[in-house]
Amino acid sequence: MKEELIKIKNQAESERIAIDKKYSIIASLRLVVFLIGVVIVFAALKNHNTILLISAVVPVIIFIVLVKYHGDLDDRLLDSKAKINVINRYLMRMNNGWKAFEDNGKEFLRKDSTLAYDLDLLGPSSLYQLISIAHFDEGKEKLAKALTLENASSVEPEKRYEAVMELSEKKDFIVGFESTSERVVEKRQRDKLKRTDFFADLEEAEVKEDKPKNKKKIESFPAWIYLLMILVPLINIVSIVMVLGFGQNPVRILITFIAGMILTWGPMAITEELSSAVRKYGSVAGDYLKLLKLIGEEEFESEILKGINERVTSRDGLLDAIKKLGTIGTFDNISFNPIIHMVLSGFTGWDYYIAFASYNWSKKHGNVFEESTDIISDIEELGSMSVLPMIRNVCMPEIKYDYNDMALDMKDIYHPLLDPDTVISNSAHIDDSLNVITGSNMSGKTTFLRTIAINMVLSFAGCPVCATSFSTPFMKIFTSMRVMDDVSGGISTFYAEILRIKGMAEYIQADNEVPALCLIDEIFKGTNSADRIVGASEALTKLSARNSIVIVTTHDFELCELKNNDGKEVTNYHFEEYYENDVLKFDYKIKDGRCTTRNAMAILKMAGLVQI
């Protein structure tokens, strides 16, 4: 995989360098041709020479051709840069470089997202940050919901798994798809910078002014704009004829040009609203078209991906509508150059024609881009899931819906967010309702809980898991790990933990069809040892009394003596340390039975806080 990515990256780098050289040459040549055209026009007007003015058409045509070619080179350059960025991110995912990715899904973290906080599903150093290839806001939101199991279903995981694994085998498709979706974001950012500060300030002022007034949407194209679409170019043609044919003062042309600009830019708020479709999607319509073509032309086998493919191919006129707006956007892009925009506005009333074309497109094609974005975001979500099997060793999870077999069975399971070169895997078969894990500090207890939980999340989200084999009932996952106080709400850490465990108990006592998995790290660590042992004993007995699996870590060996309702002793597991040349070390392997060693004093000594 790594060698394949490096090969693609090297090809893209070579292509980028070649395009960059051409790009610079054409940019210089375009400037020279533009200056030649200006000199010819100036000389023609000064000498009232009609033939010389007509000859200025030649540099104008050459200039337009060069602008088009320069734009094509810019598009290819953007494409190669995006591809290089995408491949670099894949390479960074193979080590800890992914933690520097800007997009980590933190905007989707809610205060009550305990699962996301405890398991690092969203936010810095999260699963979202590791796998996300989404660039559309809708795709990011769908991925966040999938990872936090907001839309979890006991029916869909297997179907989603088929789609995810199919995409993981289509590396060229996924790299090309992400590269193109990244271009959309890049182009929109560039469009904001293309307009002069003057126009940007105008638009911003209009938005602020219109916002409180809730200005009524324009329902029909204003009739007076038809008149101005004829009037502005007409007065300029008459003026030019008067100067060239009748020897009038060339200043007349300047006067009508300024008048044309005033007439065109005066009602800018209206033309901007009429042009909203092309302003929002015009420059990226080609990329939308490419994304949809990628989906429509790809042959899929899985049910979900076939359904997405059919949404593109069965929708009559979808691609054609986007293509039409792309054409309008190409003409609109010409006006991003402030000088050209000024010339076109003053002489032709350019903005009115763009508004007319954009308005008619909107009337015919409505919410085409909203529909397209929904399709694209579906692929972004599933494509993000497919990243994991590309960068980690994974397997298909077995999800059981027969709750007569309430057992977690895992072989060589490991945490997807840890360095794959150094991570330690574990194997275990957990079939008791109450399981107590003891062990030394830093020995791996909490990581083991998170490893189980995050792989269960992946299973239920329809993603492969980081293990050799993994079997689990479909369960409702509860965690109590990173419990935080709420000073403003007057809630202590201890009480916050009580509220979490209360939520678990209420779910279990309600006899829900889906059983609960309760993962509790260092239960009731926020209170004194006597109260902790009594409270933990009562709480754990209550949680494990019905259809549930409870796994708890603790330093309180008294909890190892607990019994289930049927009088059977709880199942104990432990992690331990060992010493090598008087150096404290850990193997991070789970073992049967309770822990018999302690290392707190050794760790304090390592920190230089005590002398032994």
Side-chain angles (χ1 to χ4, degrees), residues 114-115 118-119 149 400 403-410 413 426 428-439 444-457 459-460 470-483 494 496-527 532-575 590 592-595:
T114 57
L115 204 64
D118 284 352
L119 305 183
L149 302 180
K400 298 173 292 188
Y403 297 127
N404 292 319
D405 181 15
M406 286 283 290
L408 299 174
D409 189 76
M410 59 205 79
I413 193 171
N426 267 292
H429 181 82
I430 300 173
D431 59 2
D432 202 349
S433 58
L434 179 56
N435 306 270
V436 178
I437 302 177
T438 50
K445 302 186 301 297
T446 304
T447 299
F448 181 68
L449 290 189
R450 290 198 175 111
T451 299
I452 293 175
I454 199 169
N455 278 288
M456 289 185 76
V457 167
S459 300
F460 303 156
F470 185 66
S471 176
T472 175
F474 185 82
M475 308 182 80
K476 172 76 171 178
I477 305 172
F478 291 94
T479 60
S480 179
M481 297 178 185
R482 290 188 179 123
V483 182
F494 177 59
E497 185 178 5
I498 288 175
L499 292 177
R500 289 221 195 167
I501 294 176
K502 178 186 177 185
M504 301 176 191
E506 288 175 345
Y507 180 87
I508 293 168
Q509 289 170 0
D511 284 328
N512 287 282
E513 181 181 350
V514 177
L517 173 71
C518 303
L519 302 171
I520 306 171
D521 185 39
E522 301 289 352
I523 187 168
F524 295 152
K525 55 184 171 288
T527 190
R532 178 169 63 248
I533 293 167
V534 174
S537 300
E538 293 289 337
L540 294 174
T541 301
K542 194 170 188 177
L543 291 176
S544 59
R546 300 196 184 187
N547 200 19
S548 63
I549 294 178
V550 180
I551 308 176
V552 60
T553 68
T554 183
H555 288 289
D556 297 317
F557 292 154
E558 291 86 347
L559 298 182
C560 298
E561 306 291 342
L562 288 177
K563 295 183 185 296
N564 292 313
N565 282 353
D566 58 4
K568 179 184 174 183
E569 290 187 356
V570 301
T571 301
N572 284 285
Y573 301 93
H574 74 278
F575 288 83
I590 191 168
D592 292 333
R594 66 179 67 183
C595 179

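These numbers were taken from a predicted model, which means no experiment stands behind them.
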Report task. Describe, in one word, how the ring planes of F474 and F460 are oriented to each other, choosing from parallel (under 30°), tilted (30 to 60°) and perpendicular (over 60°). Result ->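 Taking F460 first and then F474, their aromatic rings sit tilted (interplane angle of 30° to 60°).
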
Can you find a heavy atom in the side chain of [X] that is under 4.5 Å from one in the side chain of [Y]?
{"X": "I498", "Y": "I501", "answer": "no"}
{"X": "E569", "Y": "K563", "answer": "yes"}
{"X": "L540", "Y": "I520", "answer": "yes"}
{"X": "E561", "Y": "R594", "answer": "yes"}
{"X": "C518", "Y": "V552", "answer": "no"}
{"X": "D592", "Y": "N572", "answer": "no"}

N-O pairing of [X] and [Y] below 4.0 Å:
{"X": "D511", "Y": "R546", "answer": "yes"}
{"X": "R532", "Y": "E558", "answer": "no"}
{"X": "R450", "Y": "D118", "answer": "no"}

Can you measure from [atom1] ([X]) to [atom2] ([Y]) and round to the nearest 0.5 angstrom?
{"X": "Y507", "Y": "S548", "atom1": "OH", "atom2": "OG", "value": "10.5 Å"}
{"X": "T479", "Y": "M504", "atom1": "OG1", "atom2": "CE", "value": "6.5 Å"}
{"X": "I413", "Y": "T451", "atom1": "CD1", "atom2": "OG1", "value": "6.5 Å"}

Between T571 and D432, do the side chains contain an N or O donor and an N or O acceptor separated by less than 3.5 Å?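 Present: a donor and an acceptor within the cut-off.
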
Checklist entry - Passes side chain to side chain contact (heavy atoms under 4.5 Å, CB included), I508 versus L543? Steps please. => result CA-CA 7 Å; I508 293 168; L543 291 176; 3.9 Å; yes

- Message: If you count heavy atoms of other groups shown closer than 6.0 angstrom to NZ of K400, is the number above 12?
- Response: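 Yes.
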
*Mind running side chain to side chain contact (heavy atoms under 4.5 Å, CB included) on I437 and H574 for me, showing each step along the way?*
CA-CA 5 Å; I437 302 177; H574 74 278; 5.7 Å; no

